[in-house]
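As structure tokens, the structure follows; a few thoughts come after it.
Per chain, numbering begins at 1; letters A, B, ... match sequence-line order.
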There are 4 protein chains.
Amino acid sequence: MDAKAPPVEKRRQILDAAIHVFARQGFHACRVSDIADEAGVAYGLVYHYFKSKDQVLNELFTERWSLLLAAIEEVDGESIGAREKLDAVARFIIDSYRYEPDLMKVIIVDVTRAANSFGRTHLPEIRRAYEMIAKIVADAQRAGTFRRDVDPEFASMWFYGAIEQLLSGWVFDLIPGGEADFDRAREMLVETICGGLEPRDGVPADG
Amino acid sequence: MDAKAPPVEKRRQILDAAIHVFARQGFHACRVSDIADEAGVAYGLVYHYFKSKDQVLNELFTERWSLLLAAIEEVDGESIGAREKLDAVARFIIDSYRYEPDLMKVIIVDVTRAANSFGRTHLPEIRRAYEMIAKIVADAQRAGTFRRDVDPEFASMWFYGAIEQLLSGWVFDLIPGGEADFDRAREMLVETICGGLEPRDGVPADG
Amino acid sequence: MDAKAPPVEKRRQILDAAIHVFARQGFHACRVSDIADEAGVAYGLVYHYFKSKDQVLNELFTERWSLLLAAIEEVDGESIGAREKLDAVARFIIDSYRYEPDLMKVIIVDVTRAANSFGRTHLPEIRRAYEMIAKIVADAQRAGTFRRDVDPEFASMWFYGAIEQLLSGWVFDLIPGGEADFDRAREMLVETICGGLEPRDGVPADG
Amino acid sequence: MDAKAPPVEKRRQILDAAIHVFARQGFHACRVSDIADEAGVAYGLVYHYFKSKDQVLNELFTERWSLLLAAIEEVDGESIGAREKLDAVARFIIDSYRYEPDLMKVIIVDVTRAANSFGRTHLPEIRRAYEMIAKIVADAQRAGTFRRDVDPEFASMWFYGAIEQLLSGWVFDLIPGGEADFDRAREMLVETICGGLEPRDGVPADG
DNA sequence: TATGAATGAGTTTTCATTCAT
DNA sequence: AATGAATGAAAACTCATTCAT
């Protein structure tokens, strides 16, 4: 009865192939046929499952980014401190890179940082992540955990900007990316950013 | 009356035109003819002065980035605290954007963040900026002004990543970019990052 | 009714069209679109089958030249005199022109005589023909049929040079190229060259 | 008074430079600026003295070819046998190559054999050489020195074709081109072609 | 579902030639 | 006579996408 595998399989094959091809050559530099070759399917089949080359990347991005958004939301729902929340968010993103570096490379390089092309398209989703992080900060400010003289929107940018720079550093081999480095980098990132956001002598929590 | 206008003039016209065309349409989306049209010169003249479309962008980037490197170096040479140094660096970059938003947009969007194409080419220069910032941090750590448990290289990434995110926010209209916002953004950025890097209760300056 | 026309067909169409376009306009003067138009196919299809415009000509040349090499080899294998062998070779080349003047025109004008471009590329194959003719001469010298005081390599050049000049004459309408002229030209060519190579009074066969 | 060298000098400089540039790169592959660079003059000066890039080559060809025509004419006027005349013509051409290989290379490769471009333009002059050689043959036939069953026009082609092939062989390094080879090649060429044209047993001088 | 042949729009780059000085 | 800046036409090649089978 199942003489034939469900068609979904090839669709997945194509997506997975695209991850590696995009990571290797970059979205613009690769041809649709490169994806098909890597997936071991015929050329035109990509167009059977996807409307265009763009759509392949879009789908890859959305698939992953929605996981991120869900993760942030879940983290935010937990009863833990703001520092712990941001630490969890950073951990999620860094782990994404740790376990699927090619996919994250594609998302960072070809979407998130490619602000003129795909970044533009996905700005709303990207922005959504900023906002959720900003919300974590704002809540902490209300709770007195974070100082109030730094706008949550800006705090979110410092935090996300630092993470993106970190991942870029790994992607482009600017900094060592061994197993041991992941945790250490995250700890220092959270320590610095949260340290800067937490109240201290001479900095009243209420701004 | 001037016997002859210096030929350099048209070369400059082309570079300036390129800034606006690149900023408006993005490097890849624009054609060489767009640049020539904007500059009001003949198509081939672009190739008289530049080897390729790429070289136009490269020159634009290098021209500006070397100013940044010089500025950081100068700032680092002054007898001021680390926080003041980083504040000056942030100010220089933000002022660059304030006075030449199109040029900075091109540099950020088409070079610095376009890590797969031009970013790759200019990685050494970009890295140089990171290193100079890291040096400021390292010196402060030795002086006891900054805590020692955050690697200077990482501190540099948090700082630069935050600035890049800020400029991206302005470039893509994610955050308001009025005159008043420039100073406030810089203050908060420096306050957060340096705040996180400075020693405080329970954080011994020596790591 | 035929389930599917073999894809090879269009490839052949393109090659045939190229023969006529090259012959009419010359390789350099014609555009790829001229070939496509003549073949009645879309522009891009030329590039589907051939890597470049050059490759089209290369293929045309190699296809035909290998027939020539095979013909010379076959002729050389027969048990006939040297004069008969050279006559057969001349006949083969002249017949090639007689039946496919456009193709031969292309080969002579755009490859064989275009020594700086394609001739350079195909020098080894062209040289091979010289060598095979030289071998016929050398064998005849050993057999005493041809005098030994003319290097076979030179004899080969006199023979091939005469043929090439003859074909050029037809191609450029320097001499009449009617049906009757083909045989007569060949006879005179062989008579002159072989006559000059054969021993006679006062010219000892052993040089 | 002669503070300034006559302008003709630079014109000659350009022509001489063109010889070497054409020989090195080929007419089509070189740019006008290459000629100017080699001549050590400015770009536009080439257009002051010559109407176009083509005209430079045309002039080079005509200048030399007219010497050849004159030489053949002179040779033909002497009271010597046909074999001696043809030997003198061959010697003239081979010596031209011997003493000015670059110029002859240009003439052979870019004009004489480039039948589609410049060859076409200079066909009348080239043809003139054939005709003069044919006349030498025809006269010899009338005098009984050469057999009459080979058309003078064809005999001329065999002779000229052999020479052209010989020069091509040197130009493209197909055959050794040392000092000693020049005389030997000429002797064999004349021996073969004239040998084939001279009457012998069984070949009545009157065809 | 699967294949890959067929389509054709789009852009960079080259370089001969002109022209102002 | 001399310079070299300025012009702009021309064409190869790529590759996303469509479509017949």
Side-chain angles (χ1 to χ4, degrees), chain A residues 4-11 28-36 41-56, chain B residues 2-11 14 28-36 39-55, chain C residues 2-11 14 28-36 39-55, chain D residues 4-11 28-36 41-56:
Chain A
K4 217 200 291 185
V8 160
E9 196 182 299
K10 293 232 167 157
R11 192 187 149 84
H28 280 109
C30 88
R31 289 165 299 178
V32 173
S33 67
D34 293 330
I35 302 174
V41 302
Y43 200 156
L45 198 61
V46 175
Y47 284 90
H48 183 76
Y49 288 114
F50 304 92
K51 201 174 174 177
S52 68
K53 185 184 166 189
D54 284 25
Q55 213 216 70
V56 176
Chain B
D2 352 53
K4 196 203 284 193
V8 162
E9 197 182 299
K10 293 235 168 162
R11 191 189 151 86
I14 292 170
H28 280 109
C30 87
R31 289 165 299 168
V32 174
S33 68
D34 294 330
I35 301 174
V41 302
Y43 195 111
L45 199 60
V46 176
Y47 286 92
H48 183 76
Y49 286 115
F50 303 93
K51 205 173 176 176
S52 66
K53 185 182 162 190
D54 284 27
Q55 213 217 69
Chain C
D2 353 49
K4 196 204 282 194
V8 163
E9 197 181 298
K10 294 235 167 160
R11 190 188 151 84
I14 292 170
H28 281 109
C30 88
R31 290 165 299 169
V32 173
S33 68
D34 294 329
I35 301 174
V41 301
Y43 193 104
L45 199 62
V46 176
Y47 285 91
H48 183 76
Y49 286 115
F50 304 93
K51 206 173 175 176
S52 66
K53 186 183 162 190
D54 283 25
Q55 213 216 69
Chain D
K4 217 199 289 184
V8 160
E9 196 182 299
K10 293 231 168 162
R11 191 187 150 85
H28 280 109
C30 86
R31 290 166 297 177
V32 173
S33 68
D34 293 329
I35 302 173
V41 302
Y43 201 155
L45 197 60
V46 175
Y47 284 90
H48 183 74
Y49 287 114
F50 303 92
K51 200 175 176 179
S52 67
K53 184 183 166 191
D54 285 25
Q55 213 215 70
V56 176

Q: Check every atom of dA12(F), dT14(E), dT11(E) against the side chain of Y47(B) and return the nucleotide holding the closest atom.
A: dT14(E)
Q.
Between C1' on dC15(F) and CD1 on I35(A), what's the gap in Å once rounded to a whole number?
A. 12 Å
Q) Can you check whether K10(D) has a side-chain N or O nearer than 4.0 Å to OP1 or OP2 of dA2(F)? A) yes
Q. If you check every side-chain atom of K53(D), which of dG8(F), dA5(E), dA16(E) has the closest atom?
A. dA16(E)
Q: Take atom CD of Q55(C) and atom C1' of dA12(F), then tell me their distance rounded to the nearest Å.
A: 15 Å
**Q.** Among dT1(E), dA2(F), dT17(F), the nucleotide that comes nearest once only the side chain of L45(A) is considered
**A.** dT1(E)
Q: Using both distances under 3.5 Å as the test, list the Watson-Crick or G-U wobble partner of dA20(E), or none.
A: dT3(F)
Q.
Between dA12(F) and Y43(C), counting only base atoms on the nucleotide and side-chain atoms on the residue, is there a donor-acceptor pair under 3.5 Å?
A. yes
Q) Could you give the CD-to-C1' distance, from E9(B) to dA6(F), as a whole number of Å? A) 14 Å
(Q) Taking any heavy-atom pair under 4.0 Å as a contact, classify S52(D): base, sugar-phosphate, or nothing. (A) sugar-phosphate
Q) In the structure shown, which nucleotide is the Watson-Crick or G-U wobble counterpart of dA9(F), with both distances under 3.5 Å? A) dT14(E)
Q: Using atom NE2 of H28(A) as one end and atom C1' of dT12(E) as the other, report the distance to the nearest whole Å.
A: 17 Å
Q. Hey, is the side chain of H48(A) poking within less than 4.0 Å of OP1 or OP2 on dA2(E), counting only N and O atoms?
A. no
Q: Rounded to the nearest angstrom, tell me the gap between atom CZ in F50(C) and atom P in dC15(F).
A: 20 Å
Q: Return the nearest nucleotide to the side chain of R31(A); candidates are dA5(E), dA1(F), dA16(F).
A: dA16(F)
